[in-house]
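Structure first, commentary second.
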Amino acid sequence: MNRRYDPAEIEPRWAVRWEADELYRTAPADARPKAYILDFFPYPSGDGLSVGHCRNYVPTDVLSRYYRMHNYNVLHPMGWDAFGLPAENAAIKLKTNPAKLIAQYSANYKRQFRLIGISFDWSREIDSSQPEYYRWTQWIFLQLYEAWYDPRIRSAIPIAELEKELAESGTSGIPGAEPLTATQWKGMTSAEKKDFLSKFRLAYRVASSVNWDPVEKTVLANEEVIDGRGWRSGTLVEKKVLLQWFFRITAYADRLLADLEGIDWPEHIKLMQRNWIGRSEGAEVQFATEAGSLKIFTTRPDTLWGATFMVLSPEHPFVSRLTTTDRKSEVDAYIAATKGQSEIDRTAEGREKTGVFTGAYAINPVNDERIPVWVADYVLMGYGTGAIMAVPAHDQRDFEFARRFDLPIRVVIQPTWKDAPAPPLDANQMTGAWPGEGVMVESGPFDGTSTTVAVAQITAWLEATGRGKLAVNYKLRDWGISRQRYWGTPIPILHTPEGEVPVPEDQLPVRLPPVEHYEPTDSGESPLANIPEFVRVVMPDGTEGRRETDTMGTFACSSWYFLRFADPGNSEEAFDRSQAAYWLPVDMYVGGAEHAVMHLLYARFWTKVLHDLGYVPFVEPFQRLRNQGMILAPDGKEKMSKSKGNVITPDEVVMDWGADSLRAYEMFISDFEQATPWNTHGLAGTHRWLKRVWELLLNPADRLPVNETTRQSDRDLRRWTHKTVKKVSHDIEGFRFNTVISSLMEFTNALYEAQRQAVSTPAFQEASDALLLMLAPIAPFMAEEIWSLLGRPYSVHRQSWPQHDENLAADEFITLVLQVNGKVRGRLTMPAGLKEEQARAVALESEAVRRHLGGKPPRKLIYVPGKLVNVVV
RNA sequence: GCCCGGGUGGCGGAAUUGGUAGACGCAAAGGACUUAAAAUCCUUCGGAGAGCAAUCUCUGUACCGGUUCGAUUCCGGUCCCGGGCACCA
């Protein structure tokens, strides 16, 4: 034969054949075990894929092929997260419609995926910007809109159930709801009722401030604001108050937190989600004021005796009610100044505390002390109750505020640990008793109690006396989805004189009008507002309505696409329930850590809602998750970026080395989760390895002289084979691809050694077959070509993965390490079944040990079975 | 500031549960083949030292200390790098 390895000839040929044969088409649901292996679906950009992107697509492809060879029913699909700002901005610049760009960009991605041999089932391709898809994104929106979260059963249920309950008993049975009687409910107008219900719906609209870029004349998403400036214009972003749509993700905070326990995700991602959800337990405490009872939230009720003043957020409703006449002008000025500031200004680092005194006082419920009430912007309306008790001795922020405005500081906790500093009498700095364990002082009946005990006792006392109660708060905010943009899923809502009305399900999809091009508006409205045909609707009763012109942010599209892949062609439903139940949850989900919070949290949320409403039987969408590390530029530690001109594309690598070499190198480059620089020399090394495999399997005649020192028997070769199969299988399943490649390299080297001695023994045949089959998922083109040239029946990708035999993999000999006082002094090759007595004996007799004992008697002997003997003197 | 990762040869990186540090690959050096080059193959390759030599000794996983018969691995502290959060009471 003597054919040269020529990937440029081999690869396109097999790509065409596999495509024609639909080799990777997903089988229908059957009795086999299933494996759903999914990449984060990409956002097609004009730049195409880089070798960095291939870092996740190659391993998931290897895994998919591996499971196919184990006769799993594998779902490995690909689609396009097509809506969103980059495509839209590019389209505005080019004065075209983004749909055209997406078609062009995704075609290029698809070409690249084929080029590198990714085994996607293209019959399941989805595009989130197509009406066939976003129709169902809108449908899910309506499911959220028509549902509320009932805290009593910890589940979403239809809003109709709530309406029924309100008519029967008002809100009396609903914890946390504002009081309303059945009579009051019945007396409400239709618009009032809608208003009231929107406080419960999982999708609701409310006035909220947004990021406004005055140069771009557009609203920006939070992710598009970097250090307070628009990501493209670089100008300072302003705040604008607009009516915005939200999803009530906060209702699911506890479940989103709790269910992290049961999923196999990287610990740091779980931690980021936990921090983002930000649960804190504490107490809600009521302080009496002239305007009524003022509620605060604290995680440290044990510091109640140290409260020397209170602070309200500038937006707090009590501010106007409490402020005394003589303080009014000053308070008003402060609030006006606060409003003019952006969030960035308000939270800027190292900023000095600001605030004003309201002139009012509140009564501390634990000691009836009268303390002044201040207003300051460091207290946020969005967390807790928007009011705090300030304990300057034990809270850094309160301390800074007290120093700035000369307010009293009272230490109420002393540290208990040894050498603790005395409480600072001059209050130049806070005492150390925060947040650790301490002992209460100056705290009336609790003096001498430890803080951990006191927290529980005080909370119980507050509850018993009606002055407060146990409370839990979350940092998590509701998910804002409104975008004043053209290129997104239209929100299926109509605004009528009677209020908002959902678009009936049978009228979905609300199609995006196919305009040629458009410009952003000055008003902060979506460009859709300028398209009258889109906006104007005539209601069945003849009145005129106005279509919602906001679109959904793209995180909505990506919050359910993994479900659509289970049943992508369904025109009757978002997905067939039995298909979803069969394929989901995703068994292995792979993508970048940059989505650790947003996408992964939103998708979990939607899944839980769909579960509660009876559409899916599981509560978590992604059973296993892994994040690939970034591939950096070859020189130094820089990221690859277009602006730096250091991007390496798979196209150029495939042209120079072939797809199989690219794939092998992507696996070999480093630990999967670790960032690492690209290195073309390293790539050449894996290419060299593949060439050696090619030569070994196809041109075995070139005999080399027998190397007596590495001479191996057939039994040795079989051991190599079975050990390698075991290790490679184990490492693929464990996502350790770099050691998969190094094991296969070692195995190849062993085969070369074996070949010097015996070319056509059964043991050699077994070894080379195993090598070829293990190579199939990694280098699919080359493996197929060799398989074919060896005259085997098409296709190597339909073969079974080799099985290993534990007995054959077992070692015959071990290396017994000899240590004296923990230092390695020698090594002996011994039979694997070595007994402890024998090991001890040979160790003591050995020349190496005796030399280091220097005639002294051993004090102690440590034996680690099959590994070492340590002689201690 | 707080919370997570990580730090191993010239480089990318290996190293079940605490038990042979540096697998595998790159680069480099020397050699073989060749008119020559490429390709390929062979050998060496953490640092220092001793020996004609096989080999041996010391040292070494960011730094300092601890636990242990034994530490890259566990504990305490320090430094550096990367990521996340950032007035959340």
Side-chain angles (χ1 to χ4, degrees), chain A residues 4 266-272 274-276 278-280 282 296-300 303 311 313 346-351 353 376-380 382-391 394-398 400-401 473-477 593-594 596-597 629-630 634 637 664-665 668-671 673-686 688-689 691-692 695 702 704-705 707 730 736 738-749 752 815-827 848 851 858-873:
Chain A
R4 251 184 69 245
E267 211 37 60
H268 70 278
I269 302 286
K270 287 192 188 183
L271 194 69
M272 277 167 71
R274 285 191 194 105
N275 290 341
W276 190 263
R279 180 182 197 273
S280 21
I296 62 103
F297 174 72
T298 178
T299 54
R300 294 297 300 268
T303 62
V311 186
S313 160
R346 260 182 79 164
T347 59
E349 197 178 351
R351 185 167 161 269
K353 292 275 180 292
D377 62 6
Y378 80 92
V379 174
L380 310 172
Y383 183 79
T385 61
I388 61 160
M389 63 163 182
V391 185
H394 305 292
D395 181 281
Q396 184 65 39
R397 298 151 300 184
D398 298 345
E400 285 166 19
F401 194 82
N473 265 291
Y474 295 92
K475 289 186 199 171
L476 185 67
R477 299 293 145 85
E594 68 273 17
V597 174
M630 207 186 309
K637 302 278 175 190
Y665 183 60
F668 187 56
I669 188 165
S670 149
D671 178 81
E673 306 213 344
Q674 206 174 306
T676 193
W678 185 260
N679 179 352
T680 307
H681 287 302
L683 178 65
T686 51
R688 206 140 45 210
W689 166 58
K691 252 166 51 178
R692 276 164 57 77
E695 293 299 322
D702 303 334
L704 293 161
N707 182 343
H730 180 258
R736 283 150 50 182
N738 54 339
T739 51
V740 165
I741 301 296
S742 62
S743 299
L744 289 174
M745 284 174 166
E746 285 180 89
F747 187 44
T748 306
N749 293 341
Y752 262 92
T815 302
L816 186 69
V817 174
L818 306 177
Q819 291 186 345
V820 177
N821 289 335
K823 289 196 175 191
V824 178
R825 295 302 180 188
R827 297 176 175 89
R851 180 151 39 93
R859 206 153 50 82
K860 194 168 157 190
L861 229 87
I862 286 146
Y863 175 62
V864 181
K867 289 208 164 133
L868 64 77
V869 176
N870 186 13
V871 183
V872 186
V873 225

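Here the structure is a predicted model, which is why all the values come from computation and not from measurement. Chain letters run A, B, ... following the sequence lines, proteins first, then strands; residues in each count from 1.
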Watson-Crick or G-U counterpart of B:rU40, or none if no pair lies under 3.5 Å: B:rA32

Categorize A:Ala675 for me: base, sugar-phosphate, or nothing, with a 4.0 angstrom heavy-atom threshold over every strand shown. sugar-phosphate

Just name whichever nucleotide pairs with B:rG9, Watson-Crick or G-U, keeping both distances under 3.5 Å, else none. none

Just compare B:rG13, B:rC3, B:rG70 and give me whichever is closest to any side-chain atom of A:Ser670. B:rG13

How would you label the contact of A:Leu868 with the nucleic acid (heavy atoms, under 4.0 Å): base, sugar-phosphate, or nothing? base

Under 4.0 Å between any heavy atoms, over every strand shown, what does A:Thr298 touch: base, sugar-phosphate, or nothing? Just pick one. sugar-phosphate

Could you check which residues of residues 860-867 of chain A get a heavy atom under 4.0 Å from RNA chain B? Sort them by number, please. A:Lys860, A:Ile862, A:Val864, A:Lys867

Determine the interatomic distance between P on B:rG7 and the same-named atom on B:rU59; round to the nearest Å. 24 Å

A:Arg300 and A:Met389: which non-hydrogen atoms are nearest, and at how many Å? O-CE, 3.8 Å

Indicate, with a heavy-atom threshold strictly under 4.0 Å, whether A:Ser280 touches base, sugar-phosphate, or nothing. sugar-phosphate

Side chain of A:Arg688 only, please: which of B:rA27, B:rA21, B:rC24 is the nearest? B:rA27

4.5 Å side-chain heavy-atom contact, A:Trp689 and A:Asn749: no

Testing the basics here: between A:Gly386 and A:Val379, what is the closest heavy-atom pair and its distance to 0.1 Å? O-CG1, 3.5 Å

Is there a Watson-Crick or G-U wobble partner for B:rG76 with both distances under 3.5 Å, and which nucleotide is it? B:rC64

What about A:Gln819: does its side chain form a donor-acceptor pair under 3.5 Å with the base of B:rG19? yes

Let's test this: given Watson-Crick or G-U wobble pairing with both distances under 3.5 Å, identify the partner of B:rA21. none

Taking any heavy-atom pair under 4.0 Å as a contact, classify A:Gly685: base, sugar-phosphate, or nothing. sugar-phosphate

Give one of base, sugar-phosphate or nothing for A:Lys823, where a contact means two heavy atoms less than 4.0 Å apart. sugar-phosphate

Do A:Asn679 and A:Tyr665 make a side-chain contact, defined as non-hydrogen atoms from C-beta onward lying under 4.5 Å apart? yes

For A:Glu400, which contact category applies under a 4.0 Å heavy-atom criterion: base, sugar-phosphate, or nothing? nothing

Spacing of A:Ile741 atom CD1 relative to B:rC24 atom C1', expressed in whole Å: 11 Å

Within the structure shown, what part of the strands sits under 4.0 Å from A:Arg477 by heavy-atom distance: base, sugar-phosphate, or nothing? base

Please report the distance, rounded to the nearest Å, between CD in A:Glu267 and P in B:rG5. 9 Å

With a 4.0 Å cut-off on heavy atoms, is A:Arg851 in touch with a base, just the backbone sugar-phosphate, or nothing at all? sugar-phosphate

Looking at A:Arg692, does any N or O in its side chain come under 4.0 Å of the phosphate oxygens OP1/OP2 on B:rC41? yes

Which part of the nucleic acid, if any, lies within reach of A:Asn738 when heavy atoms closer than 4.0 Å are counted: base, sugar-phosphate only, or nothing? sugar-phosphate

Rounding to an integer number of Å, can you tell me how far A:Gln396 CD sits from B:rG1 C1'? 9 Å

Minimal non-hydrogen separation, A:Ser670 against A:Thr676, with atom names: CB-CG2, 3.6 Å

Mind checking the C1' distance from B:rC58 to B:rA23? Whole angstroms is fine. 25 Å

Scan every strand shown for a Watson-Crick or G-U wobble partner of B:rC56, both distances under 3.5 Å, and answer none if you come up empty. B:rG49

Using only side-chain N and O atoms of A:Thr739, determine if any of them is under 4.0 Å from OP1 or OP2 of B:rC24. no

Classify the nucleic acid contact of A:Val817 as base, sugar-phosphate or nothing, counting any heavy atom under 4.0 Å across all strands shown. base

If you look at every strand shown and take non-hydrogen atoms under 4.0 Å, does A:Asp671 touch a base, only sugar-phosphate, or nothing? sugar-phosphate

Taking atom C1' in both B:rC33 and B:rC42, what distance in whole Å separates the two? 11 Å

Whole angstrom value for the distance that separates C1' of B:rG19 from CG of A:Leu818: 13 Å

